[in-house]
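These numbers come from the heavy atoms of this one structure, side chains and all, not from hydrogens, waters or symmetry mates. Numbered from 1 within each chain, the chains take letters A, B, ... in sequence-line order.
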Amino acid sequence: MPAKKAKPVKEEQARVTTADKHFHFFEDVWSVARQIPKGRVTSYGAIANYLGAKGSARMVGWAMSSVPAKLKVPAHRVVNRNGMLSGKAHFNPPEKMEQLLKKERILVEKDKVVDFKNKFWDPATELGL
DNA sequence: ATATTGACAGGCA
DNA sequence: GTGCCTGCCAATA
């Protein structure tokens, strides 16, 4: 086949410049994030770890900010290791994140997920890595 | 091409 | 427990 890569997405192709270098990191992040069950949350590091990019948690957050609205990715279910809604400021409006979480029976107190440890969903464990 | 930043995480004082 | 430093890898203020 010609040197042409079939890309499942076309909206963010402009954003995912790295995809041209075999780095589908962003796509993977979105795929995993979409598998987070309702009423559960996970951390950037957990996703990064699942993707084998442990230590690159920042990239996960970066990917989240690049999520096209068309790819229904529950970014509100992704928080930092402290269970804090570190990315709420990037929502629209910021209160939306808490709203969405609360709608899924996830309590948020002081920008922090209540009983985070119990609500935590680790892809590496739940998906059985 | 270089420097700075970024929705993080782990280690150490 | 808190606070500062470093590592991670890509995007661009």
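In this structure, the side chains of A:Glu98 and A:Leu85 come closer than 4.5 Å at one or more pairs of heavy atoms. Side-chain contact check for A:Gln35 versus A:Pro123: every heavy-atom pair is 4.5 Å or farther apart. Side-chain contact between A:Ile47 and A:Thr42 is present, with heavy atoms from C-beta onward closer than 4.5 Å. Within the 4.5 Å cutoff, no side-chain heavy atoms of A:Val78 are placed close to those of A:Ser43. Counting heavy atoms from C-beta outward, A:Asp28 and A:Tyr50 have side chains that stay 4.5 Å or more apart.
Put simply, CG on A:Asp28 is 13 Å from P on C:dA10, counting in whole angstrom units. With rounding to whole Å, A:Phe26 atom CZ is found 18 Å from C:dC8 atom P. In this structure, CE of A:Met84 is placed 12 Å from P of C:dT2, rounded to the nearest angstrom.
Salt-bridge formation is not detected for the pair A:Glu104/A:Arg40: no Lys NZ or Arg NE/NH1/NH2 atom is positioned less than 4.0 Å from an Asp or Glu carboxylate oxygen.
Of the N and O atoms on the side chains of A:Gln99 and A:His76, not one donor lies less than 3.5 Å from an acceptor on the other residue.
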For this session: Spell out protein contact along nucleotides 7-13 of chain B as letters: B when the base is contacted, S when just the sugar-phosphate is, - when no protein heavy atom is under 4.0 Å; keep the 5' to 3' order.
Result: BBSB---
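The CH2 atom of A:Trp62 sits 14.5 Å away from the OG atom of A:Ser56 when rounded to the nearest 0.5 Å.
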Exercise. What dot-bracket string describes DNA chain B from 5' to 3', counting Watson-Crick and G-U wobble pairs whose defining distances are under 3.5 Å, with [ ] for crossing pairs and | for pairs to another strand?
Worked result: ..||||.||||||
